[in-house]
Enquirer: 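Here you go, one structure.
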Amino acid sequence: MENFLQELNKSQQDAVLYNEGPSLVIAGAGSGKTRVLTYKIATLLESGYAPYNILALTFTNKAAREMKERIAGLVGLPLASRLWMGTFHSVFSRILRANADRIGFTSDFTIYDSSDSRSLIKSIVKDKGLDDKLYKPSSVQAIISNAKNALITPAAYLLNKELMESDMYSKRPLIQEIYQTYWNRCLRAGAMDFDDLLLYTNILFRDHADVLERYRSIFRFVLVDEYQDTNFAQHLIVRQLAREHGRICVVGDDAQSIYSFRGANISNILNLKDEYPGCRTFKLEQNYRSTRNIVSAANSLIEKNKEQIRKNVYSENAEGSKIEVLNAYSDYEEGYFVANRILEMHSSDGYVFNDFAILYRTNAQSRIFEEALRKRSIPYRIYGGLSFYQRKEIKDVISYFRLAVNPHDEEALKRIINYPARGIGDTTLGKIIECGVKHDVSLWQVIVSPLEYALPVNSGTLGKLQKFRELIEDFIEENRSLDAMEIAEIIIRRSGIFKEIFSDRSVENISRQENIQELMNGIQEYCSNRREEGNEHISLVDFLAEISLATDQDTEEDGTSDKVTMMTVHASKGLEFKNVFVVGLEEDLFPSSLSKSSESEIEEERRLLYVAITRAEENCVLSYAATRYRNGQPTAMPPSRFLKDIDPCYLKLPSALSSGNKIPGLDREPHFGKYTSHASIYRNKTTGSRSSFPMWDAEMSASTSSLKKVSSLVSSSTESEERTLTSIGNISVNARIRHDRFGEGTVVEISGEGDNCKVGVEFDQVGKKQLLLKFAKFTVI
DNA sequence: AACCTCTACGTTTTT
DNA sequence: CGTAGAGGTT
């Protein structure tokens with residue numbers, strides 16, 4: 001134990017060693033927060049706590065996994081793996097499964113992801129004959145989610161004057177009714193959404209004193225990471241578990257609170273001392289991650305916020321270089337600048353690609369950087385966007401899994417009742433739903449007893465439904481005895497998915513096959529991991545429970561590959577990189593146009609930038625573009641106000657336009673001129689003439705607009721029924737082309753017409769390929 | 001029921 | 001610009 005302590009500074013030691021009462025650790029960015037938590041848990045274990053007496057809550061699976069690994073390194077895996085450690089959602093879903101009967105569920109309940117719940121809301125709005133423009137499923141979903149986070153049930157909603165009046169004002173008086181129906185249908189389907197996991201935990205603890213008592217005595221010590229991101233429901237769960245005995249340690253940084261949009265409330269951490277009498281506060285202020293310059297720059301930014309706990313984050317590392325500010329004419333040029341800068345630093349400063357991250361405000365920005373990096377052959381990986389589990393073919397397979405575990409699962413059933421096609425169309429499904437609603441039973445119950453519920457369908461349809469029922473019952477039966485892997489294989493074969501997807505090798509099916517293969521590998525891996533931990537029987541339920549709370553952030557990356565990381569700033573929290581590019585620093589993007597209505601929203605955006613900058617260890621680059629494609633339109637973008645919040649003495653401003661310490665564009669309005677000249681660049685490209693910017697010529701020759709030109713010529717040639725198969729559009733046999741993936745090659749044949757038009761190309765590197773003109777991305781050279 | 005075309009729509013962040 | 005969803009067509 002002594003040697004642990006030597007690796008900690010004084011304030012870290014104090015925080016680790018004080019375990020007699022409640023404590024709050026305010027941990028500045030890069031101050032070794034995770035280290036304190038892991039050592040604290042190790043200390044608790046040494047001082048006699050059993051691992052299962054310790055509850056440690058995090059916000060991401062990744063954070064939980066990393067911490068578990070580090071603790072395993074200190075005390076060994078057997079001990080570490082028996083800690084109650086995980087995200088709020090995963091830990092409490094476990095507890096809910098164990099006590100499901102107390103709250104009207106079974107332990108096999110399904111977890112709806114946000115698209116499941118949106119789809120259910122949509123279906124309810126439709127059933128009630130409401131206008132889905134007014135009752136937009138996503139807005140209704142947000143309202144319901146907020147209510148749940150505030151622990152307001154449908155019944156409580158009805159009694160809540162404020163909410164009901166607000167719905168009246170927005171001309172949507174029936175929201176409560178939708179909420180009530182949503183609630184009932186989830187209950188009937190045996191399903192919980194993300195918010196329910198926290199809400200029902202609160203209900204469980206509130207209504208069942210014996211259960212609460214039991215968990216209070218099990219969790220003799222409670223630790224919570226990232227407390228600034230807790231919402232009311234989470235805060236209350238923690239309070240119920242820990243306030244009485246007061247053995248709690250909460251870690252967080254108010255300066256890094258960036259999730260208020262989903263109900264996180266900074267006052268949970270700011271007011272903690274009032275809730276836990278005798279609470280001691282420890283501040284970790286030394287930053288070990290970043291250079292002095294980066295820390296100072298970040299400090300000068302966050303100082304502009306009014307709401308915060310004052311602290312003095314400092315670094316004793318090298319001074320480091322200044323934060324570089326890049327200004328580009330356009331979003332494309334921004335991508336080009338960043339890609340270039342990465343290559344420069346890669347070749348001259350000895351960095352590997354893993355040392356770089358590009359952080360942006362919105363996922364939509366990733367596209368341009370992908371393109372720019374791909375052109376320069378810089379390897380990259382993207383986090384976020386649509387996750388693996390959101391892909392259609394994966395959701396389909398998972399839906400079968402879900403039904404095998406819980407056939408009442410409405411969303412899963414709707415998804416695959418006619419996939420693969422078995423003649424049960426929308427009309428029949430509509431009748432089943434109507435029938436279920438009428439008798440207040442699940443869709444599955446209607447299918448099992450169609451006569452009892454007087455389902456109005458003909459005998460042919462009835463037969464099809466019974467065949468479907470037998471299929472699912474077969475899965476349910478097999479699932480009782482088989483392992484996750486075995487049942488998964490059976491389901492994929494007997495459901496007809498295998499036949500559907502693996503029968504041919506068409507372009508789009510190949511990627512589906514790969515995805516399903518990847519899913520199977522995932523199950524296999526999950527099973528072997530669980531076996532290592534000493535479980536013999538690994539059921540499908542367990543696997544589903546795991547993946548319904550997994551995000552693509554959690555998919556294992558092979559640490560061997562050397563790639564630039566791209567992700568949103570939100571996703572980067574808790575990570576660090578040697579070199580960080582924060583891009584798109586423009587008004588209405590960062591800060592987002594949707595977060596400008598109040599000062600507190602602006603402050604949150606400022607914290608977001610603070611988080612982004614403090615990810616950097618050695619170099620940080622901030623970039624912005626004067627024009628950017630927004631909704632298909634090139635739009636003038638003023639630089640972000642945050643650029644002038646950072647003390648310019650920590651910045652290296654763009655040389656070309658830097659006059660003194662001014663940020664180009666901040667104090668004047670030159671963009672209109674630049675913007676128009678840019679619009680003309682775009683025009684020039686489509687008409688084929690050359691722009692006057694050399695860099696554009698070099699970089700944009702393989703642009704999407706020239707691709708468009710090819711395909712538009714192709715379709716015009718089909719219109720005139722032209723069948724010259726030696727040339728089509730501006731492609732002809734013997735033409736040289738460049739393909740994004742396959743490199744350069746020579747066209748050897750042209751066949752088909754219209755959308756089926758194919759070109760055979762002999763590539764220099766990879767041999768002959770048939771390219772479907774409709775899809776292939778290449779340019780004639 | 002599958003396929004296609006057209007239009008409308010939206011762009012915040014995530015367990 | 002890109003997609004998703006509706007609507008129409010085979």
Side-chain angles (χ1 to χ4, degrees), chain A residues 57-64 86-93 111-115 117-119 122 126 132-133 136-139 141-142 145 148-149 192-198 226 229-231 233-234 257-264 331-332 359-368 371 383-387 389-390 392 418-428 547-554 567-573 584 588-596 601 604-605 607-609 611-612 628-635 682 703-705 708 715 754-755 774:
Chain A
L57 297 168
T58 63
F59 271 79
T60 62
N61 296 302
K62 194 171 174 200
T87 63
F88 273 91
H89 291 83
S90 71
V91 166
F92 293 114
S93 72
I111 297 173
Y112 278 174
D113 67 21
S114 4
S115 61
S117 67
R118 199 174 326 113
S119 136
K122 201 173 172 187
K126 210 172 146 195
D132 66 353
K133 296 250 161 45
K136 270 203 320 199
S138 54
S139 329
Q141 185 182 29
S145 173
K148 286 186 174 179
N149 286 333
M192 292 198 198
D193 64 21
F194 289 140
D195 303 315
D196 283 333
L197 295 174
L198 305 174
E226 309 275 18
D229 289 332
T230 51
N231 62 29
Q234 291 164 323
S257 161
I258 54 176
Y259 282 108
S260 75
F261 70 93
R262 69 174 207 223
D331 45 0
Y332 281 93
L359 307 182
Y360 33 76
R361 181 65 182 74
T362 66
N363 278 310
Q365 288 165 261
S366 69
R367 184 170 242 102
I368 284 175
E371 231 173 86
Y383 290 90
L386 60 153
S387 106
Y389 296 107
Q390 299 287 13
K392 185 190 174 302
N418 201 30
Y419 177 83
R422 47 175 74 88
I424 307 174
D426 285 348
T427 322
T428 307
I547 61 164
S548 50
L549 293 171
T551 62
D552 57 312
Q553 313 273 317
D554 304 317
M567 58 170 74
T568 63
V569 180
H570 281 91
S572 76
K573 192 156 81 148
D588 292 342
L589 182 62
F590 201 164
S592 159
S593 55
L594 299 166
S595 303
K596 290 173 68 166
E601 285 177 327
E604 174 143 325
E605 295 279 317
R607 289 193 294 270
L608 197 51
L609 181 56
V611 167
R628 175 177 299 278
Y629 265 104
R630 300 264 263 173
N631 297 343
Q633 224 60 46
T635 314
Y682 295 125
S703 74
T704 43
S705 47
K708 261 222 194 92
S715 55
D755 277 354
K774 198 172 127 195

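Reminder, nothing fancy here: chain letters follow the sequence lines and each chain counts from 1.
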Enquirer: Step through it carefully: locate the ring centre of Phe261(A), locate the ring centre of His570(A), and say whether they are under 6.0 Å apart.
Expert: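 Yes; His570(A) has its ring centre under 6.0 Å from that of Phe261(A).
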Enquirer: If you assign Ser592(A) and Gly423(A) each to the DNA chain B nucleotide with the nearest heavy atom, which residue ends up on the more 5' nucleotide?
Expert: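 Final value for this comparison: Gly423(A).
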Enquirer: With a 4.0 Å cut-off on heavy atoms, is Ser595(A) in touch with a base, just the backbone sugar-phosphate, or nothing at all?
Expert: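 The residue Ser595(A) makes base contact.
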Enquirer: What is the nucleic acid contact for Lys133(A), judged by heavy atoms within less than 4.0 Å: base, sugar-phosphate only, or nothing?
Expert: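 Counting heavy atoms under 4.0 Å across all strands, the contact made by Lys133(A) is with sugar-phosphate only.
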Enquirer: What is the distance from CG of Asn61(A) to P of dT14(B), rounded to the nearest Å?
Expert: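 These atoms are roughly 14 Å apart.
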Enquirer: Whole angstroms only, please: what is the CG-P distance between Asp426(A) and dG7(C)?
Expert: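 From Asp426(A) CG to dG7(C) P: 13 Å.
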Enquirer: To the nearest Å, how far apart are Gln633(A) CD and dG10(B) C1'?
Expert: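 Checked: the CD to C1' distance equals 14 Å.
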Enquirer: dT13(B), dA2(B), dG10(B): which one has an atom nearest the side-chain heavy atoms of Ala421(A)?
Expert: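 Closest nucleotide to the Ala421(A) side chain: dA2(B).
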Enquirer: Nearest 0.5 Å please: distance from the OG atom of Ser93(A) over to the CG atom of Asp196(A).
Expert: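 Going from OG on Ser93(A) over to CG on Asp196(A), the span is 12.0 Å.
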Enquirer: Going by 5.5 Å between centroids and 30° between planes, is there a stack of Phe261(A) over dT13(B)?
Expert: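 Given the distance and angle limits, yes, they stack.
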Enquirer: Starting from the 5' end of DNA chain B, give me the residue, Pro420(A) or Asp195(A), whose nearest nucleotide shows up first.
Expert: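 Taking each residue's closest nucleotide, the earlier one in sequence belongs to Pro420(A).
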Enquirer: Under 4.0 Å: is that the gap between some side-chain N or O of Asn363(A) and OP1 or OP2 of dT13(B)?
Expert: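 For Asn363(A), the contact criterion (side-chain N or O under 4.0 Å from OP1 or OP2 of dT13(B)) is met.
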Enquirer: How is Tyr259(A) classified with respect to the nucleic acid when contacts are heavy atoms under 4.0 Å: base, sugar-phosphate, or nothing?
Expert: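 Touches sugar-phosphate only.
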Enquirer: Does dT14(B) have OP1 or OP2 sitting under 4.0 Å from an N or O in the side chain of Thr568(A)?
Expert: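 Looking at the OP1 and OP2 atoms of dT14(B), one of them is under 4.0 Å from a side-chain N or O of Thr568(A).
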Enquirer: For the backbone of Leu549(A) and the side chain of Asn61(A), can you confirm whether one donor and one acceptor N or O come within less than 3.5 Å of each other?
Expert: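 Yes, Asn61(A) side chain to Leu549(A) backbone: donor-acceptor pair under 3.5 Å.
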Enquirer: Can you tell which of dT12(B), dT14(B), dT15(B) lies closest to the side chain of Phe194(A)?
Expert: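 Nearest nucleotide to the side chain: dT15(B).
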Enquirer: What residues form a side chain to side chain contact (heavy atoms under 4.5 Å, CB included) with Ala364(A), not counting sequence neighbours?
Expert: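 For Ala364(A), the residues satisfying side chain to side chain contact (heavy atoms under 4.5 Å, CB included) (neighbours in sequence not counted) are Thr362(A).
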Enquirer: Give a yes or no on whether a salt bridge exists between Arg262(A) and Asp229(A), defined as a side-chain N under 4.0 angstrom from a carboxylate O.
Expert: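 Not counted as a salt bridge, because no side-chain N and carboxylate O are separated by less than 4.0 Å.
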Enquirer: Answer with yes or no whether Arg361(A) presents, from its side chain, a donor or acceptor under 3.5 Å of a partner atom in the base of dT13(B).
Expert: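 Side chain to base: pair found, below 3.5 Å.
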Enquirer: Ignoring the backbone of Ser114(A), work out which of dT15(B), dA6(C), dT13(B) is nearest its side chain.
Expert: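 That would be dT15(B).
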Enquirer: In this structure, how many angstroms lie between the P atom of dC1(C) and the CG atom of Asp331(A), rounded?
Expert: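 Atom CG in Asp331(A) sits about 12 Å away from atom P in dC1(C).
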Enquirer: Under 4.0 angstrom, heavy atoms only, what part of the nucleic acid is Leu57(A) near: base, sugar-phosphate, or nothing?
Expert: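 No contact at all - Leu57(A) keeps every heavy atom at 4.0 Å or more from the nucleic acid.
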Enquirer: Output the single nucleotide from dT15(B), dC9(B), dT12(B) whose closest atom is nearest the side chain of Thr87(A).
Expert: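 So the nucleotide nearest the side chain must be dT15(B).
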Enquirer: Please state whether the phosphate of dC9(B), meaning OP1 or OP2, lies under 4.0 angstrom from any side-chain nitrogen or oxygen of Lys136(A).
Expert: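 No, no such contact exists.
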Enquirer: What integer distance in Å separates Asn231(A):CG from dT15(B):C1'?
Expert: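 The distance from CG of Asn231(A) to C1' of dT15(B) comes to 10 Å, rounded to the nearest Å.
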Enquirer: Using the side-chain heavy atoms of Arg262(A), tell me which of these nucleotides is nearest: dA6(C), dT14(B), dT13(B).
Expert: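 Of dA6(C), dT14(B), dT13(B), dT14(B) is nearest to the side chain of Arg262(A).
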Enquirer: Roughly how many Å is it from NZ in Lys122(A) to C1' in dA4(C), rounded to a whole number?
Expert: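 Atom-to-atom, Lys122(A) to dA4(C), this comes out as 8 Å.
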Enquirer: Expressed in angstrom and rounded to an integer, what is the separation of Asp588(A) atom CG from dG10(B) atom P?
Expert: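 The answer, rounded to whole Å, is 17 Å.
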Enquirer: Grab the CG-C1' distance between Asp229(A) and dT14(B) for me, whole Å please.
Expert: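 So the two atoms are 11 Å apart, to the nearest Å.
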Enquirer: Which nucleotide in the set dC1(C), dG2(C), dT12(B) lies at the smallest distance from any side-chain heavy atom of Arg367(A)?
Expert: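 The listed nucleotide nearest to Arg367(A)'s side chain is dG2(C).
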Enquirer: Test of understanding: with side chain to side chain contact (heavy atoms under 4.5 Å, CB included), list the residues that count as partners of Thr428(A), not counting sequence neighbours.
Expert: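 Thr428(A): side chain to side chain contact (heavy atoms under 4.5 Å, CB included) contacts with Ile424(A), Ile432(A), Val457(A), Thr461(A), Leu465(A).
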